[in-house]
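Read the structure below first, then the notes.
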2 protein chains.
Amino acid sequence: MRAIADVARLAGVAKATASRALSGRGYVSEETRQKVVDAARSIGYVASPNAASLVTGRTKSVGVIIPFINRWFFAEVLEGMEVALLEQGYDMTLYNLPAASPERDRIFEYFLARKRFDAVISVGVALSETEVDQLHRLGRPLVGIGGPIRGVHTIAIDDVEAARLATEHLLSLGHTDIVHVGGVLVDEMDFAVHSNRLRGFTSAMMSAGLATDGCFYASEFTLPGGHAVGMEVLGDPRRRPTGIFAACDEIAVGIIVAARELGISVPADLSVIGIDGHPYAEMFRLTTLEQHPREQGRLAVVSLLAELDNPTEHRADGELTELPPRLVMRASTSGPRPKA
Amino acid sequence: MRAIADVARLAGVAKATASRALSGRGYVSEETRQKVVDAARSIGYVASPNAASLVTGRTKSVGVIIPFINRWFFAEVLEGMEVALLEQGYDMTLYNLPAASPERDRIFEYFLARKRFDAVISVGVALSETEVDQLHRLGRPLVGIGGPIRGVHTIAIDDVEAARLATEHLLSLGHTDIVHVGGVLVDEMDFAVHSNRLRGFTSAMMSAGLATDGCFYASEFTLPGGHAVGMEVLGDPRRRPTGIFAACDEIAVGIIVAARELGISVPADLSVIGIDGHPYAEMFRLTTLEQHPREQGRLAVVSLLAELDNPTEHRADGELTELPPRLVMRASTSGPRPKA
DNA sequence: CTGAAAGCGCTAACAT
DNA sequence: ATGTTAGCGCTTTCAG
């Protein structure tokens, strides 16, 4: 309940001086600064950011909208952002955004509209035109991760390129019978990711002169999802691919587990490559492309703070920062077994 | 930028009336209420919670401290809380609490001290005496999940009982050679969970007249952690247990994967039981005890709001709400194979 | 039932 | 370098 007036009185100065001394803005003699700081500490004074926000318009808080918490990639992004924000004294308020629904609308119309945040970070959400407008109307910096947003600075890896890389890796090992297990395309709205990775796959296959009919299977982005599809794809020994490119490591691991259950040896009889750099990759000897989620989170925050510190700088219009995906480990891939 | 004064002017009433109409507190004729609401909507007015907080002391926001985000149990708790809080119009600000460190101290001394939250939820953190005091000094409701906190209402499952149940399940199937793979006891500070589950295990074994020397192995609470320990425990065929009680499902699944790699058949040659109700359980046919993390999150919020609505109610002193763990699936457990 | 006025805790001019 | 004043946007007495 201690207010700055108490500190000022105790230090024998005016409120304004106390404010200057504690915030470090404006001229204060070293001597009085010390007095004020001591007084503040002695009564355990902590400034009320609410009162300050009211006058400065800054809240030292950012809002984050994200479609999943319980998914490795998203949780990593979250941790990366949290660390970076805390370091700069910012709070992170989290909204777990559901698919189109009244609850979702309420987040944009009510929670994000309350001027509570200095900025908003949108992680892996494809926002509707309306939603983008609502966010822009806030007049605050907005940065995206993963999904591209019209007129917004976005951090991402190049999904098309990553998918092409993964596919080319299998092709270069000599595989010609390759399948892509990717995201359900109905969820596409929320993940351009799905179609981008599919596009990269198709492009690489076509460049190699291979057809892609019937080479795509849809799966949930989870281990059980990959397992189920793996059972389906690998079940029939007569039309079984020798290589699989999975759109994420959870799917890839699920497929490897399925393969083991079916007695298919990886990588001797089946090569699998995923995307993410998931910690399970090592244990399952999974070849994968690192996606640096923590780093993406950190970069988003850095970009945000830059815009905040330098509002004169033109709003980055659809600028895109791309991280290069990095290929790691290769124990789950090898050339196809020569036909007997 | 629209303020309540604009709404008032447009509706032809005083600020006070507009405030009453919009907040629903105090007498307003239905007629003027309608006028005010219309005016508000017509200019897209959204109240500034900051300004309101300044006078009411309420922020409509709660702080959450949690040691991990990227762990199934914790992420589920988070989602459960988020849904329940949003429903009531509350924001959730997240702090990913590291182990003892200057960063950790800063969270208590600075971030949580700023009167920004109506309440604090502590998930799975064993707080130090100092930290508990700091939190109590805020004079705001505080509820815990998982870890017990002195003088604080806590939601949890009975870890000792759950561990006993799991162990008794194996015993009742006829196993006598049982190992417990639990948490590293050095991390104990943060999880009474570890020692509680060990205690339940030991108690059940002793009741059955079995010794427990050398029956405990420590692991990280992760799939790779369980895998590594599984390899170690199951590596030597001559002294291999017939039953394993894992302290969480991640560990349990890791052990099952290890067993498969070693050609050990589950459950014919090895029974495994875990705790959590993790979604991977089904795919690996894992016997497990449900821990209802989402429900725990929801209950914590309900309890919080109750205290908030009814501050006269005595601060719940160390009250404990326990959820009953529920046993599900049993495909990974069976009686021990009769000795040849 | 409604209005006028005070003030929550702080910072930003403007003086001095 | 420091003090004085005004006011951020809202709710809440207190009168009417």
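Nothing here was measured: the structure is a model prediction, and the numbers come from that model. Numbers restart at 1 for each chain; the letters A, B, ... are given by sequence-line order, proteins then strands.
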Heavy-atom donor-acceptor pair, Arg2(B) side-chain to dG9(D) base, under 3.5 Å: no
Using atom NZ of Lys115(A) as one end and atom P of dC8(D) as the other, report the distance to the nearest whole Å. 14 Å
d(CD, Gln34(B); P, dT2(C)) in whole Å: 13 Å
For Thr32(A), answer base if it contacts any base atom (sugar-phosphate contacts may also be present), sugar-phosphate if it contacts only those atoms, and nothing otherwise; contact means non-hydrogen atoms under 4.0 Å. sugar-phosphate
Length of the line joining Arg58(B):CZ and dT12(D):P, which is rounded to integer Å: 11 Å
Closer to the 5' end of DNA chain D via nearest nucleotide, is it Lys15(A) or Glu30(A)? Glu30(A)
Could you tell me how far apart Arg116(B) (CZ) and dC10(C) (C1') are, to the nearest whole angstrom? 13 Å
Quick check: closest heavy atoms across Leu86(B) and Phe111(A), and the distance to 0.1 Å? O-CZ, 3.5 Å
Are the charged groups of Asp6(B) and Arg9(B) less than 4.0 angstrom apart, N to O? yes
Could Arg114(B) and Tyr110(B) be counted as a cation-pi pair, given that NZ or CZ must be under 6.0 Å from the ring centre and within 45° of the axis? yes
Check the orientation of His194(B) and Phe221(B). Use parallel for under 30°, tilted for 30 to 60°, and perpendicular for over 60°. parallel
Ile4(B) CD1 to dG3(C) P: how many Å, rounded? 13 Å
From Ser61(B) OG over to Asp91(A) CG, what is the distance, rounded to the nearest 0.5 angstrom? 8.0 Å
Of the listed nucleotides dT2(D), dG9(C), dG3(C), the one nearest the side chain of Ala3(A): dG9(C)
For DNA chain D, what residues of residues 36-57 of chain B have any heavy atom nearer than 4.0 Å? Tyr45(B), Ala47(B), Ser48(B), Ala51(B), Ala52(B), Leu54(B), Val55(B), Thr56(B)
Categorize Arg25(B) for me: base, sugar-phosphate, or nothing, with a 4.0 angstrom heavy-atom threshold over every strand shown. sugar-phosphate
For Glu31(A) and dT2(D), what is the distance between atoms CD and C1' respectively, to the nearest whole Å? 13 Å
Indicate the atoms forming the closest heavy-atom contact of Ala300(B) with Ile145(B), along with that distance. CB-CD1, 3.6 Å
Considering only side-chain heavy atoms of Ala16(A), which listed nucleotide, dG3(D), dT13(D), dT2(D), is closest? dG3(D)
Within the structure, does a side-chain N or O atom of Thr17(B) lie under 4.0 Å from either OP1 or OP2 of dG3(C)? yes
Please give me the minimum heavy-atom distance between Arg106(B) and Glu87(A), naming the atom from each residue. NH2-O, 4.0 Å
Measure the distance from CZ on Arg9(A) to P on dG3(D) and round it to the nearest whole Å. 14 Å
Taking only side-chain N and O atoms of Ser19(B), does any of them lie within less than 4.0 angstrom of OP1 or OP2 on dT12(D)? no
Expressed as a whole number of angstroms, how long is the span from Tyr27(B):OH to dT12(D):C1'? 15 Å
